[in-house]
2 protein chains.
Amino acid sequence: MKATHILQHHQLKCTECRIGILNVLLEADAALTENQVKEALHNKFDRTTFYRSFKTLVETGVLHSITLHDSTLYMVNAGENAGHEHYHFYCSACHKLLCIHPQKKENIALPDGFKIKQTDITFEGVCKTCNKTEKR
Amino acid sequence: MKATHILQHHQLKCTECRIGILNVLLEADAALTENQVKEALHNKFDRTTFYRSFKTLVETGVLHSITLHDSTLYMVNAGENAGHEHYHFYCSACHKLLCIHPQKKENIALPDGFKIKQTDITFEGVCKTCNKTEKR
DNA sequence: CAATAAATGCAACGATGTTGCAAAATGAAT
DNA sequence: ATTCATTTTGCAACATCGTTGCATTTATTG
């Protein structure tokens, strides 16, 4: 998936800043903070520009954000990650927030009268990679 | 559950600010932001004091916090709410974050090698009360 | 390439996170 | 109840982040 395609698909102008943000996030193996993206782009853009770019990208649904432990992490909201159910795994060892896609899902019985529009499920623990490392 | 008992149980001094915060949160039917608590106490304390009180209460496990839509909400981490599984329901109609306790719980098959320490499950939708109101 | 609409950079301000330090309050011992 | 050691508080101060207005620059369309 190319950055310019994503932007065009959402009727957004292909500006340098937006393309940069998307490329960094598309290449990352985990969700990143605004500052992490900014640093990856060597602070090439003004912080206001970053702020507005992220805002636009989240509002249009290009990006999905999740706040955990007082920091907001962003990921591209495309393909498998899109939808009204978001599964995340935060590894307390490597501090990465991973998007996961569990095979088996068992729904929770909510109290009567509640209507669900969106579900966010975040696990916290030790990821596969760190688990292996710990055992050695 | 009394505020002073909770504080003593966690070996914290029973200061006016901490007791005030706990009383407000114990009486609330939903999670509240730091500012909502502050206003409920008529800004009786300095913002630094609030900041440090919340910090202490969260660090010692007296309070549990969750960030949603860019605002952090706090609730007392006692009784049913305690533990390593947190179920919340955010109502997009009344904007309240409720703690829920489903009978039947989620049983998700995670990829191999992942070790779970804590699970946070947040539903977003319309709560029982707002659902009723909408239908009339 | 020209025209138009949108995005950018800069300045500025408010809200919030955070720390140091002196004054006040708490809890324990007398 | 009084004293004392320790913790908490309030204030000042500063950093960071969220947010907006405005002039300039850039991206798209014809």
Side-chain angles (χ1 to χ4, degrees), chain A residues 2-25 31-74 95 97, chain B residues 2-25 31-74 95 97:
Chain A
K2 277 190 91 177
T4 50
H5 295 162
I6 297 174
L7 290 170
Q8 281 161 3
H9 184 258
H10 286 266
Q11 283 140 13
L12 293 171
K13 286 195 176 179
C14 294
T15 66
E16 212 184 332
C17 183
R18 290 175 185 165
I19 293 171
I21 291 170
L22 279 183
N23 280 336
V24 170
L25 286 175
L32 300 176
T33 66
E34 195 176 314
N35 275 332
Q36 285 173 323
V37 178
K38 206 184 289 181
E39 280 164 29
L41 295 172
H42 305 93
N43 295 284
K44 197 176 178 183
F45 305 96
D46 189 79
R47 76 185 189 93
T48 313
T49 306
F50 260 92
Y51 164 73
R52 280 191 276 227
S53 293
F54 273 100
K55 197 178 176 183
T56 303
L57 293 172
V58 168
E59 280 170 359
T60 54
V62 176
L63 297 184
H64 173 70
S65 77
I66 184 169
T67 306
L68 209 71
H69 298 293
D70 294 322
S71 63
T72 303
L73 297 157
Y74 297 88
H95 303 289
L97 183 77
Chain B
K2 278 191 89 176
T4 49
H5 294 162
I6 297 174
L7 289 170
Q8 281 162 2
H9 183 257
H10 287 266
Q11 283 141 13
L12 293 171
K13 287 196 176 180
C14 295
T15 67
E16 213 184 332
C17 184
R18 289 174 186 165
I19 292 171
I21 291 171
L22 278 183
N23 281 335
V24 171
L25 287 175
L32 300 177
T33 65
E34 195 176 315
N35 276 333
Q36 287 174 321
V37 178
K38 206 186 288 182
E39 281 163 28
L41 294 173
H42 305 93
N43 294 284
K44 198 176 177 181
F45 305 97
D46 189 79
R47 73 185 192 91
T48 314
T49 306
F50 261 92
Y51 164 74
R52 281 190 276 224
S53 293
F54 273 100
K55 197 177 176 182
T56 303
L57 292 172
V58 168
E59 281 171 358
T60 54
V62 176
L63 298 184
H64 173 68
S65 77
I66 182 168
T67 306
L68 209 71
H69 298 292
D70 294 322
S71 63
T72 303
L73 297 156
Y74 296 88
H95 303 289
L97 183 77

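A, B, ... follow the sequence lines: proteins, then strands. Residue 1 opens every chain. Heavy-atom basis, side chains included; hydrogens, waters and symmetry copies ignored.
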*asked:* Check the phosphate of C/dT16 against B/N35, side-chain N and O only, distance under 4.0 Å to OP1 or OP2. Yes or no?
replied: yes
*Does B/T15 place a side-chain N or O at less than 4.0 Å from the phosphate oxygens OP1/OP2 of D/dT9?*
yes
_Distance check needed: D/dT7 P versus B/F45 CZ, whole Å only._
20 Å
_Shortest non-hydrogen separation from A/F50 to A/I21 and the atoms involved_ = CE2-CG1, 3.9 Å
*Which nucleotide in the list D/dA27, C/dG17, D/dG10 gets nearest to the side chain of B/E34?*
C/dG17
_I'd like to know whether NE2 of B/H10 has more than 12 heavy-atom contacts from other residues, nucleotides or ligands below 6.0 angstrom._
yes
*Remember a base hit wins even if backbone is also touched, and classify B/R52 as base, sugar-phosphate or nothing at under 4.0 Å, heavy atoms.*
base
_No-hydrogen, no-angle side-chain donor-acceptor test under 3.5 Å, A/T48 and A/D46_ = yes
*Rounded interatomic separation in angstrom, taking CD1 from B/I21 and P from D/dT8*: 13 Å
_Between P of C/dG27 and CZ of B/R18, the distance in whole Å_ = 9 Å
_Distance in angstrom units between A/E16 CD and D/dT28 C1', rounded_ = 16 Å
*Out of A/T4, A/L63, A/V37, which one pairs with A/L22 under the side chain to side chain contact (heavy atoms under 4.5 Å, CB included) rule?*
A/L63
*asked:* Output the rounded distance in Å from CG (B/D70) to C1' (C/dG14).
replied: 16 Å
*Under 4.0 angstrom, heavy atoms only, what part of the nucleic acid is A/T48 near: base, sugar-phosphate, or nothing?*
base
*asked:* Restricting to non-hydrogen atoms, name the atom on B/A31 and the atom on B/Q36 that form the minimum distance, rounded to 0.1 Å.
replied: O-OE1, 4.3 Å
_Using a 4.0 Å heavy-atom cut-off, does A/S53 contact any base of the nucleic acid, only the sugar-phosphate backbone, or nothing at all?_
sugar-phosphate
*Which nucleotide in the list C/dC10, D/dT19, C/dT26 gets nearest to the side chain of A/D46?*
C/dC10
_Using whole Å, what does the distance between atom C1' of nucleotide D/dT16 and atom CD of A/E39 come to?_
14 Å
*asked:* Rounding to an integer number of Å, can you tell me how far A/K55 NZ sits from C/dT8 P?
replied: 14 Å
*Across the strands shown, which category fits B/R47 at heavy-atom distances under 4.0 angstrom: base, sugar-phosphate, nothing?*
base
_Just the rounded figure in Å: distance from C1' of C/dA11 to OH of A/Y51._
16 Å
